Amino acid sequence: MSYDTYLKQANFIDGSWVGADGGETIDVINPATGEVIGTVPASGTDETRRAIAAAQEAFPGFSSMPLMERLDLLWKLHDALMDNRDTLGELLTVEQGKPLAEAKGEITIGAGYIRWFAEEARRAKGEIVPAPGNGRRILVTKHAVGVVGMITPWNFPSSMLARKVGPALAVGCTVVAKPATATPYSGLAWAALCEEVGFPKGAINILTGSAKKIGGAIMDDPRVRKVTFTGSTGVGKELIRQSADTVKKVSMELGGNAPFLVFDDADIDAAVQGAVVSKFRNAGQTCVCANRIYVQSGVYDEFVEKLKSETAKMKVGDGREDGVEQGPMIDMDAVEKVEELLSDAKEKGGKVILGGNRHEKGHSFFEPTIVSEATQDMRFSKEEIFGPLAPVFRFEDEQDAIDWANDTEFGLASYAYTRDIGRIWRLNEGLQYGMIGINSGLITTVEAPFGGVKESGLGKEGGSQGLEDYMDTKYTAVDF
Ligand code: ADP
């Protein structure tokens, strides 16, 4: 089966596939080839308002559907994803560029989120709290927040929606979602799958087009009770500001600047493997990618040498080709950003020991790159790289490493390799991050709360906390 099955080139609003009002479209490009895959509607404010109206209309019926009937739809959605994993994976690779194995992995974890939230929703328990005097009961119950607006990025175009759509639908919220313009098809595929398994009309609406107009209409509308966003910190801050006028609940998964600490006592081979997977997955374009690799001086040379030889083995190419481990970057702007950070590092004494150039494959391909002798004054110590560039810094003391790791406004993921149990607890206390991977470079899993502190965001996705964020808590006093 070819990926065309789920190549939906229309908006899904109130149970129908429709174009933009004026019929305008936007081309969608395969970053590995530069070819146009298809088009999507260039929608704006009016289409968004109709989607919100449909979601609002569907909410009372959908939220009061018997729980097991609603969750049955989620189980079917999980199965539909898994049954179509190859097709959906290929679609994802074609629009986003990541290797097919990573794309299929993304579909699998997306299905995992749906299953997890279908399970968790059965345990969305309230509580009865002892009252201070006799003759009163205090009841605390949980209720779906209502219509949820979702805005998602291009780096995980399927699973970023999974962890928003999953909890929303599980508790009975209805959805208006806008996928990133660069990768709209994996987002629109969610509407096709929901339609296929029988979600009621209006429960999920997905539309493509102008971020400012669609985002603006979602943010302005008092009917939207929550907005959940994954993307850059700049846009996230703007959305938080816009949410003030209608006092919406907000969940924000924003930028990261992940430190990756390797101590003298680490298993160096494991640390190298962890660094490669954490740094180069999705061509370095994830918000939890290692951004700064800090290595203690006793193992610095050994680590750098091994990192270089492992990274040099990576096969770069079209994600659909066998054995490819790194695809293209999303676009030329992303390539230019990496080049800027690289030339800044070179000017300040960084040594490029691997890669450093645009890849001979052309388009937005970039070589896996390592810079050694990185220092705190280089721009990438403060800025998110979002590309296949690994800077390796040297440190002497544990406390310096922790201080440098924390010296950023971000606080999403962090990683450390050590076998010292005392140090593990000091890192747990000292690292100002929402997530810490000890002896692991890959920590995202449906069971755990994913999310950041400081300017990396608000709220959690996954875990039981990821369900809580889609519910309001109501208190009822009953006197007798
Ligand atoms: P990224 O670097 O991942 O592209 P962005 O924050 O630019 O991060 O984009 C993430 C999502 O936010 C995309 O769907 C994008 O279209 C959308 N977006 C960008 N600007 C705005 C805006 N001003 N209002 C609402 N959504 C926006």
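Keep in mind that what you see is a predicted model, and the values were worked out from it rather than measured. The residues of the chain are indexed from 1 along the displayed sequence. All ligand and atom numbering here is 1-based and tracks the order in the structure. Just so it is clear, the values below take in all heavy atoms, side chains as well, and ignore hydrogens, waters and symmetry mates.
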Using a 4.0 Å cut-off to any heavy atom of [X], which atoms of ligand 1 qualify?
X: Pro153; result: 3 (O)
X: Ala180; result: 14 (O)
X: Phe229; result: 6 (O), 10 (C), 11 (C), 12 (O)

- Where the side chain of Thr286 meets the backbone of Cys289, is there a donor-acceptor pair that is under 3.5 Å apart? yes
- Query: Is the backbone N or O of Val147 less than 3.5 Å from a side-chain atom of Arg223, with the two atoms forming a donor-acceptor pair by type?
  - Reply: no
4.0 Å heavy-atom contact, Glu238 with ligand 1
no
Tested for side chain to side chain contact (heavy atoms under 4.5 Å, CB included) against Thr183, the lone hit among Ile330, Leu91, Val28 is Ile330
Looking only at distance, does Trp154 have an N or O less than 3.5 Å from an N or O of ligand 1? yes
Nearest heavy atom to atom 25 (C) of ligand 1, choosing from Gly234, Ala211, Pro184, belongs to Ala211
Going by the 4.0 angstrom heavy-atom rule, the piece of Phe386 near ligand 1 is neither
Under 4.0 Å between heavy atoms, the region of Thr152 that gets near ligand 1 turns out to be backbone
I'd like to know whether the aromatic ring centres of Phe260 and Tyr417 sit less than 6.0 Å apart in this structure. yes
Next on the checklist: Please determine whether a side-chain nitrogen of the Lys or Arg among Glu106 and Lys98 lies less than 4.0 Å from a carboxylate oxygen of the Asp or Glu.
Outcome noted: yes
